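Presented below is the structure to which this report refers.
Protein chains get the first letters and strands the later ones, always in sequence-line order, with residue 1 at the start of each. Nothing here was measured: the structure is a model prediction, and the numbers come from that model.
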Amino acid sequence: MNNNETYYRQIDLPAGDLHIYASDRLFQDMGSKVLEMANNNLQIPNIRYMSYTPDAHVGVGTCIGTTAVWGAENGYVSPSIVGSDIGCGMRVHVTNMQAEDLKDVRLRRKLVKAIEKLIPVESHARGYFSDIRLEHVLRKGLHGLPGKYVPDSYTPRKATSLTHVESSGFRFNEDVLDRLPEHVWHRSHRQLGTLGGGNHFVEIQSIQLHEDNYDVAQQWGLKDGQVIVMIHSGSRAWGGAVNQYCSSEVAKTMRQLGHGTADPKLQFAPIGSAAGDTYINLMYSALNFAIVNRHLLAYAVREAFRDTIGSGVELRTLYDLMHNYACGEEEGEDSYFIHRKGATRALPGGHPGNPAPYLTTGHPALIPGSMGTASYLMVGAAGGADNYYSICHGAGRIRSRNATKQLVSVDEFAASMRVGCEDEIVVNHRALESILDESPQAYKDVDQIIESVVGAGLATVVAKCSPLATVKGV
DNA sequence: ATGTGC
């Protein structure tokens, strides 16, 4: 790491201050559109704090990589900042296998096939959890699941599914649930346990522990070379429908109040207004859907591993956390309302906001890379307090899906996945063309993003995770 | 991101 490098800067925009956590190089790559979007966001009344992570890039109405904070008393909520994939996030399970156990490419193929059999990846496919009540899931999150889908039960000493998560469920005013029409309920029920498209994935990885955090790794139960499963998914059609319905309701309120910015796609409403509160309640239902969906994907992966490897294979929950959401948080005496869009909370050890199993070490912050590149297990640092403990959410896109398809050939993509080699990263798609827009060339270099996060003092690396096999949706 | 769009 270069000690002369700057990893933080404050930009004085016309509408207010923007805090950027990025190396000089990543900052220069961001471009002016990113600053324009920040200036629009900063025009939302009473905003207290706004920052960008090093992977910040242009989105709809706001940038992916935004942390935006309001005080609890005079706060605003913005469906545009949270975005369409409400509750999107990461989940990691730790196996009792070593990378060595999966060195045979045929076994990795078998595993991918087994996962695909239990997790539908096609865009209209239905899931295999029709016995689960959608209403219970939306109202109570993981607590709304039948016991058989919570195989670890509530045993506190084990790495259970319900304690080793950032949140097991949000409670809210359930009267709002009937705002969404029957066909959305129907579709969402069928979508429980499906992966979704775009950057969503299930990936089998092997971990390499970082020397600075051996003690944390040990307390998390991680060993060098261990095989883990990383899951990236969100709230599917339910979150999309919440966003669509609430954005138009919030837009009506904005017209009544005479609110607005240069960007008509940036919607916001006061907390306490009818439209604002309806959004918060429905958003929480979508967070519950996303949390449960990742849990069910993990349940299916566990079955696939047992079918393929044997009944002795374990997949204990390491952690589940989100990078697209808004909610109330507390820091000492201070209560605030925070939006994280493409930003991950990373609490340091000792912070009371950690769930009990991670109180002393800090919880795992799960950062996905792009296809064929590394992902990371991080832990928050004390310096993160300045940024409301937000770190990056991944590599961050640098090229649109269409531009990527123009630029990258199928052969180049195949080479980056080492197709045909003994160490091939096995992908579930025979035709790589269908996921060409997810090739590494579409993304920033995740290693540089991580270097910025570490350099800025927001978090440190516990383990680097290298892909062995990937299941992608379309 | 999304059973998607001017």
Side-chain angles (χ1 to χ4, degrees), chain A residues 37 55-66 78-91 119-127 130 134 138 180-202 231-248 251 264-267 279 282-283 285-294 297 321-326 339-344 368 370-371 392-405 434-439 442-443 471-474:
Chain A
M37 291 206 124
D55 50 336
H57 63 280
V58 171
V60 179
T62 198
C63 285
I64 292 103
T66 294
S78 169
S80 315
I81 297 182
V82 176
S84 179
D85 195 4
I86 300 168
C88 184
M90 309 302 302
R91 185 171 174 113
I119 297 179
V121 295
E122 264 92 57
S123 75
H124 291 233
R126 63 186 301 169
S130 53
L134 176 64
L138 296 172
L180 294 193
E182 179 59 31
H183 71 267
V184 175
W185 280 79
H186 183 70
R187 188 182 307 153
S188 297
H189 183 243
R190 285 166 51 127
Q191 280 188 333
L192 278 168
T194 61
L195 183 59
N199 57 6
H200 293 168
F201 63 75
V202 171
I231 294 168
H232 184 187
S233 190
S235 55
R236 311 288 281 109
W238 184 264
V242 168
N243 180 258
Q244 202 172 21
Y245 168 73
C246 291
S247 289
S248 76
K265 291 194 167 159
L266 179 58
Q267 266 98 40
Y279 174 67
L282 278 172
M283 175 190 55
S285 77
L287 298 183
N288 285 346
F289 186 103
I291 290 163
V292 167
N293 198 44
R294 284 189 296 275
L297 293 172
L321 89 177
M322 310 173 290
H323 50 233
N324 290 349
Y325 63 105
H339 299 65
R340 291 194 181 89
K341 168 62 175 175
T344 306
S370 52
M371 278 191 76
C392 60
H393 89 296
R397 189 165 272 280
I398 41 168
R399 241 168 231 107
S400 71
R401 297 189 180 279
N402 280 333
T404 307
K405 285 178 192 163
S434 64
I435 50 170
L436 195 55
D437 52 357
E438 283 294 312
S439 83
Y443 288 90
V471 177
K472 293 282 286 185
V474 278

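Among the protein residues, A:Gly198 comes within range of the sugar-phosphate backbone only, with heavy atoms under 4.0 Å from sugar or phosphate atoms but none that close to a base. At the heavy-atom level, A:Gly197 lies under 4.0 Å from the strands shown only through sugar-phosphate atoms. Nucleic acid contact class of A:His200 (heavy atoms, under 4.0 Å, all strands): sugar-phosphate only. Counting non-hydrogen atoms under 4.0 angstrom, A:Arg401 reaches the backbone sugars and phosphates but no base. Nucleic acid contact class of A:Gly196 (heavy atoms, under 4.0 Å, all strands): sugar-phosphate only.
Side-chain contact check for A:Met283 versus A:Val82: some heavy-atom pair is nearer than 4.5 Å.
When each of B:dG5, B:dT2, B:dG3 is scored by its nearest atom to the side-chain atoms of A:Arg187, the top-ranked nucleotide is B:dG3. Relative to the side chain of A:Ala237, the nucleotides B:dA1, B:dG3, B:dG5 differ in distance, and B:dG3 lies closest.
Side chain of A:Ser233 to main chain of A:Leu195: a donor-acceptor pair is present (N/O by atom type, distance under 3.5 Å, no hydrogens or angles). Formation of a donor-acceptor pair under 3.5 Å by the A:Asp85 side chain with backbone atoms of A:Ser235 is found in this model. Within the 3.5 Å criterion, the main-chain N or O of A:Pro79 finds a donor-acceptor partner in the side chain of A:Asn243.
Residue A:Lys265 contributes atom NZ, which lies 18 Å from atom P of B:dT2 at whole-angstrom precision. Protein atom CZ of A:Arg397 is 6 Å distant from nucleotide atom P of B:dA1, rounded to whole Å. Put simply, CD on A:Gln191 is 13 Å from C1' on B:dT4, counting in whole angstrom units. When rounded to the nearest whole Å, the span between CG of A:Asn402 and P of B:dA1 equals 13 Å.
Taking 4.0 angstrom as the limit, A:Asn243 places none of its side-chain polar atoms (N or O) nearer than this to OP1 or OP2 of B:dT2. Contact between the side-chain N/O atoms of A:Gln244 and the OP1/OP2 oxygens of B:dG5 is found at a separation under 4.0 Å. In terms of phosphate contacts, A:Arg236 brings a side-chain nitrogen or oxygen within less than 4.0 Å of OP1 or OP2 of B:dT2.
A distance of 6.0 Å or more separates the ring centres of A:His393 and A:His232.
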